[in-house]
Protein chains: 2
Amino acid sequence: MKKKLTLKTIAKHFNVSIATISKALKNSYDISEERRKEVQKFAKENGYKPNIFALGLKRNKTNTIGLILPNILNLYFAKVFSGVEKIANEHGYNVVICISNDNYQKEVDATNMFVNGTVDGFIVSLAEETQKLQNYSHFKNAIKQDVGLVMIDRVTDEVNCDKVIVNDAKAAYDATEYFISNQRKNIALVSIISHTSVGKLRIQGYKKALENNNILVDENLIIRVGKNDDLETLLKVVLGSRKVDALLCLEETATISTLEILKKLHYKIPENISLIGFTNGELLQHVTPKVTSVSQHGVFMGEQAMRFLAAKLKEIEEDKVSSSKTKIVKTTILERESTIKL
Amino acid sequence: MKKKLTLKTIAKHFNVSIATISKALKNSYDISEERRKEVQKFAKENGYKPNIFALGLKRNKTNTIGLILPNILNLYFAKVFSGVEKIANEHGYNVVICISNDNYQKEVDATNMFVNGTVDGFIVSLAEETQKLQNYSHFKNAIKQDVGLVMIDRVTDEVNCDKVIVNDAKAAYDATEYFISNQRKNIALVSIISHTSVGKLRIQGYKKALENNNILVDENLIIRVGKNDDLETLLKVVLGSRKVDALLCLEETATISTLEILKKLHYKIPENISLIGFTNGELLQHVTPKVTSVSQHGVFMGEQAMRFLAAKLKEIEEDKVSSSKTKIVKTTILERESTIKL
DNA sequence: CTGAAAGCGCTAACAC
DNA sequence: GTGTTAGCGCTTTCAG
């Protein structure tokens, strides 16, 4: 292990004190120009880098923020990350990222690590398991310790912090109304995320739209796919037992699977059945037929979350913490080939 | 800014010395059991966390590794990240990630930051611009400073470090031979990544396969799409001017675009034209027809890279650095509907 | 069993 | 202009 260049070694080399070197490197007017030049030259040539721990110990600030995401292979979260990273960089923050894999314990571990002082603050999108367990004490603890916290997309009311969310209920409401305005009344729903806050809100929105249009909610039309369920079987049961002329899928991969099953069963899309899917990615625009989708703006949400966090960190530093803000980001319905105005 | 609990404050509370507290918390036999218990209880209740900088200053080890990726919205790189993160965690490392956006300067900045002591070592997949510029001094410098470095996928011979790569030439060679064995002889190629090491190797492999089968390489069949070029126009020119019965696309999005253009022009796939695409993601298996693809194993590559890095860091620590290793990961051709044995 | 003290690398107030 | 010194929070050696 080669030992690193420190102020001390440089000082020895020039036979002056450490302080002189420190000042020379900072271009302090205390030091003669000549000396400054030679010291800076030497430091540069030998690749002097100030020790980051020593700096941190002094400043007590990491200039790093954390990010806990349930999954990074999902393009939506990749987009969120991308937005966070961009703004973090603009503010001079590095990003440490942890993947919870929708696992409660991994989320707790990551949070504890962050609270350790590894980061100044962090952004989190809750793990599915955490939302099932409804145990949020790790986050409450983080806030108590004056670590900045922002939640994004999968959030909870139980923790008092800034949040960036999609108006999921509204998005599902709009999609459902879109069907209704096209004379579709027998609207089924497919969800593989009924456990998440997001999934629940979307189902709420769907039901509300039906109710507001005097259509009875039929719980049998709500297909909740669990980890061990086979979507094809469930779909066949529903399609075989009642009339369905529209299908709202709450999440991208389920949309793709549903589409493939419908095609296999020789349903005509959109003639027999219309399809709208929530999406994170680009899949829905490339399949045949291209699927009308409710699209979220992941990058923008990540940016917004990081802006919140940067602002919060400033507040914490200046000791004037304000109340929590929530930003609701709108979704957009992109009309494609899987729906048609009758 | 609430001030944090330190050994000092705890010591004051118990009216003992800092050293006593430090030892008590570490369960040293120096300290009476009674005292240990009460100190630990107090620390836990008040959420004592050792200051990470002070620890770092002592140990001079960050337990963090860096990762520089050209882009995270590309599922391939997301997979690489995912593999790195997994193994990093297993070894007790955190991951700081920077996105270069294929930009040389961003890559240099990230590298310099890492060399600053932010991380013990880092993994990088080169930015496209860096490969064009062929300027790798930032990495050479990193190695000189005893920071561990592993390159993955987009690498260069100019830097002497561990590498994890795909045998890109071989993969393209195999794909081309696959066409030839199916009686396709007029094989065109579409590349939007001709500037990257990866793109060049794939073109080499393609040419080699043609040569080994006594097929003349026709440079006009190699469609190199630049940033400002329109793929559709270029494709039409080639398809209009010569016979083409197979198309090898070097990258996923180009594959999708090519497929859509071919469909628009009423080519029958695979009857008139066979199609094979390199892929990072899942797109190719969901389009119609499903596209035969050369798939890479991103997660595995990330895992391998992190294993290399962990090993290298251990070597550096123990001062017995060995020579550099390169791991070549095989690709797989997944046969789907866009190719057919004649 | 407990404490004093040195030192990790750096900054900054103050002295010379 | 330059140097001395204290201190950031912690570990560790050594003395008592």
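Letters A, B, ... mirror the listed sequences (proteins, then strands); counts begin at 1. Heavy atoms only: backbone and side chains are in, while hydrogens, waters and symmetry mates are out.
- Ring pair A:Phe42/A:His13 is parallel by interplanar angle, where below 30° counts as parallel and above 60° as perpendicular.
- With sequence neighbours left out, B:Lys312 forms a side-chain contact (heavy atoms from CB on, under 4.5 Å) with B:Asp162, B:Glu315, B:Ile316, B:Val321.
- D:dT2 atom C1' lies 15 Å from atom CG of A:Leu25, rounded to whole Å.
- Listed here is the closest heavy atom pair of A:Ser125 and A:Leu69: CB-CD1, 4.2 Å.
- Counting heavy atoms of neighbouring residues, nucleotides and ligands inside a 6.0 Å radius, atom NZ of B:Lys325 exceeds 12 of them.
- When the P atom of C:dC1 is taken as reference, atom CG of B:Asn27 falls 13 Å away, rounded to whole Å.
- In this model, the phosphate group of D:dT2 is not approached by any side-chain N or O of A:Thr20 to a distance below 4.0 Å at OP1 or OP2.
- Distance, B:Lys12 NZ to D:dG9 P: 11 Å, rounded to whole Å.
- A donor-acceptor pair is defined here as one N or O able to donate and one able to accept, closer than 3.5 Å; such a pair exists between the side chain of A:Thr111 and the backbone of A:Glu107.
- Between the CZ atom of B:Arg35 and the C1' atom of C:dT2 there is a distance of 9 Å, given to the nearest Å.
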## Note on the structure
A correct 5'-to-3' footprint of nucleotides 9-15 of chain C, with B, S and - meaning base, sugar-phosphate only and no protein heavy atom under 4.0 Å, is BBBBBB-
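- B:Ile21 has its CD1 atom 16 Å from the P atom of C:dC1, to the nearest Å.
- If you measure from atom CZ of B:Arg36 to atom C1' of C:dT2, you get 13 Å, rounded to the nearest angstrom.
- By the neighbour-count criterion of 12 heavy atoms within 6.0 Å, atom NZ of B:Lys61 is densely surrounded, having more than that number from other residues, nucleotides or ligands.
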